[in-house]
Enquirer: 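Got a structure for you, written out below as structure tokens; questions coming shortly.
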Amino acid sequence: MPFCAQTIIAPVTLAVDSLGAAATAAAFAGALGAELVLAGITPLVPFDIEHLLEDRLPRPLADQHILDRMVAERLEEVTSALAAGVRARTLLLRGSVGATLVKAAAATGADLIVVPLRDESEFPDRYVLHHSDVPVLVVPTRRTAFAG
């Protein structure tokens with residue numbers, strides 16, 4: 001029986017190369033009639049212990065909120081640019097892109113993970129390739145409908 005994805009997941013991060021992967025995932029989802037899951041992933045900001053000792057909001061918490069908002073805005077931009085008829089849902093997650101994406105793929109029942117290729121010699125996140133239980137499509141970085 002030939003492979004036919006029912007659910008496709010792609011990361012949306014602050015890196016521009018994630019937009020190409022999201023555009024490719026959206027095109028596949030539209031062509032296959034599959035559900036598209038766009039996982040907005042924000043990196044975790046490390047805490048500075050000196051700020052925690054003061055009697056005010058730690059700066060890393062404020063920075064985390066800013067990053068979360070930026071990823072949420074990018075996710076909204078990508079979602080609003082999807083072609084008509086593409087069934088999509090979004091997730092807002094925190095963590096390293098690779099581990100978070102693999103966990104999200106398992107949780108959503110994704111059949112295919114789409115990730116960007118940062119340059120000609122290195123994958124953006126080898127973790128996904130080594131830990132995914134489903135096929136991974138690596139997309140070369142190019143200008144896309146989302147990236148301009």
Side-chain angles (χ1 to χ4, degrees), residues 1-48 57-148:
M1 182 164 131
F3 173 77
C4 186
Q6 300 292 313
T7 305
I8 299 170
I9 190 168
V12 174
T13 68
L14 295 176
V16 175
D17 58 8
S18 75
L19 299 176
T24 299
F28 270 89
L32 297 172
E35 176 187 35
L36 174 62
V37 178
L38 294 170
I41 303 174
T42 306
L44 291 173
V45 174
F47 285 94
D48 179 352
L57 178 68
R59 177 150 178 92
L61 285 179
D63 292 343
Q64 186 71 61
H65 176 71
I66 291 167
L67 287 174
D68 290 346
R69 187 176 62 226
M70 290 171 66
V71 169
E73 288 171 0
R74 175 159 283 176
L75 194 57
E76 188 175 313
E77 290 170 15
V78 170
T79 304
S80 66
L82 293 174
V86 174
R87 293 181 299 124
R89 65 179 157 132
T90 60
L91 305 172
L92 283 171
L93 307 165
R94 286 184 183 162
S96 67
V97 174
T100 303
L101 188 58
V102 169
K103 287 177 189 172
T108 60
D111 305 299
L112 178 67
I113 300 174
V114 180
V115 294
L117 175 68
R118 288 189 190 251
D119 62 36
E120 295 175 9
S121 63
E122 191 173 322
F123 291 111
D125 201 322
R126 292 184 186 275
Y127 187 96
V128 175
L129 293 171
H130 292 286
H131 293 88
S132 174
D133 291 332
V134 298
V136 178
L137 174 64
V138 180
V139 178
T141 303
R142 293 197 186 114
R143 281 184 142 12
T144 68
F146 300 141

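Nothing here was measured: the structure is a model prediction, and the numbers come from that model.
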Enquirer: Can you tell which of Gln64, Arg94, His65 makes a side-chain contact (heavy atoms from CB on, under 4.5 Å) with Val45?
Expert: Gln64
Enquirer: Determine the minimum heavy-atom distance between Ala10 and Ala25, stating which atoms define it.
Expert: CB-CB, 3.7 Å
Enquirer: Which atom pair, heavy atoms only, marks the closest approach of Pro140 to Leu117?
Expert: CA-CB, 4.0 Å
Enquirer: How long is the straight-line distance from CG of Leu32 back to OG1 of Thr7, given to the nearest 0.5 Å?
Expert: 11.0 Å
Enquirer: Side chains of Val115 and Val138: does their closest heavy-atom pair fall under 4.5 Å?
Expert: yes
Enquirer: Under 4.5 Å between any side-chain heavy atoms of Pro135 and Leu112, yes or no?
Expert: yes
Enquirer: From Leu67 CG over to Ile41 CD1, what is the distance, rounded to the nearest 0.5 angstrom?
Expert: 13.5 Å
Enquirer: What pairs with Thr108 under side chain to side chain contact (heavy atoms under 4.5 Å, CB included), at least two apart in sequence or on another chain?
Expert: Ile9, Val37, Arg89, Leu91, Ala110
Enquirer: So which of Leu75, Leu92, Ile8 actually passes side-chain contact (heavy atoms from CB on, under 4.5 Å) with Leu38?
Expert: Leu75
Enquirer: Please name the pair of heavy atoms, one in Val86 and one in Gly30, separated by the smallest distance, quoted to 0.1 Å.
Expert: CG2-CA, 4.0 Å
Enquirer: If we ignore hydrogens and angles and just use 3.5 Å, is the side chain of Ser80 paired with the main-chain N or O of Glu77 as donor and acceptor?
Expert: yes
Enquirer: When you measure from the side chain of Thr13 to the backbone of Ser18, do you find a donor-acceptor pair of N or O atoms at a distance under 3.5 Å?
Expert: no
Enquirer: Please find the pair of heavy atoms, one from Leu93 and one from Ala104, that lie closest to each other, and give the distance.
Expert: CD1-CB, 3.8 Å
Enquirer: Start with the C-alpha distance between Val71 and Leu14, add both sets of side-chain angles, then the distance that settles side chain to side chain contact (heavy atoms under 4.5 Å, CB included), and finish with yes or no.
Expert: CA-CA 6 Å; Val71 169; Leu14 295 176; 3.8 Å; yes
Enquirer: If you measure from NE2 on His131 to CG on Leu101, what distance do you get to the nearest 0.5 Å?
Expert: 13.0 Å
Enquirer: Just how far is it from atom OG1 of Thr42 to atom CE of Met70, taken to the nearest 0.5 Å?
Expert: 9.5 Å
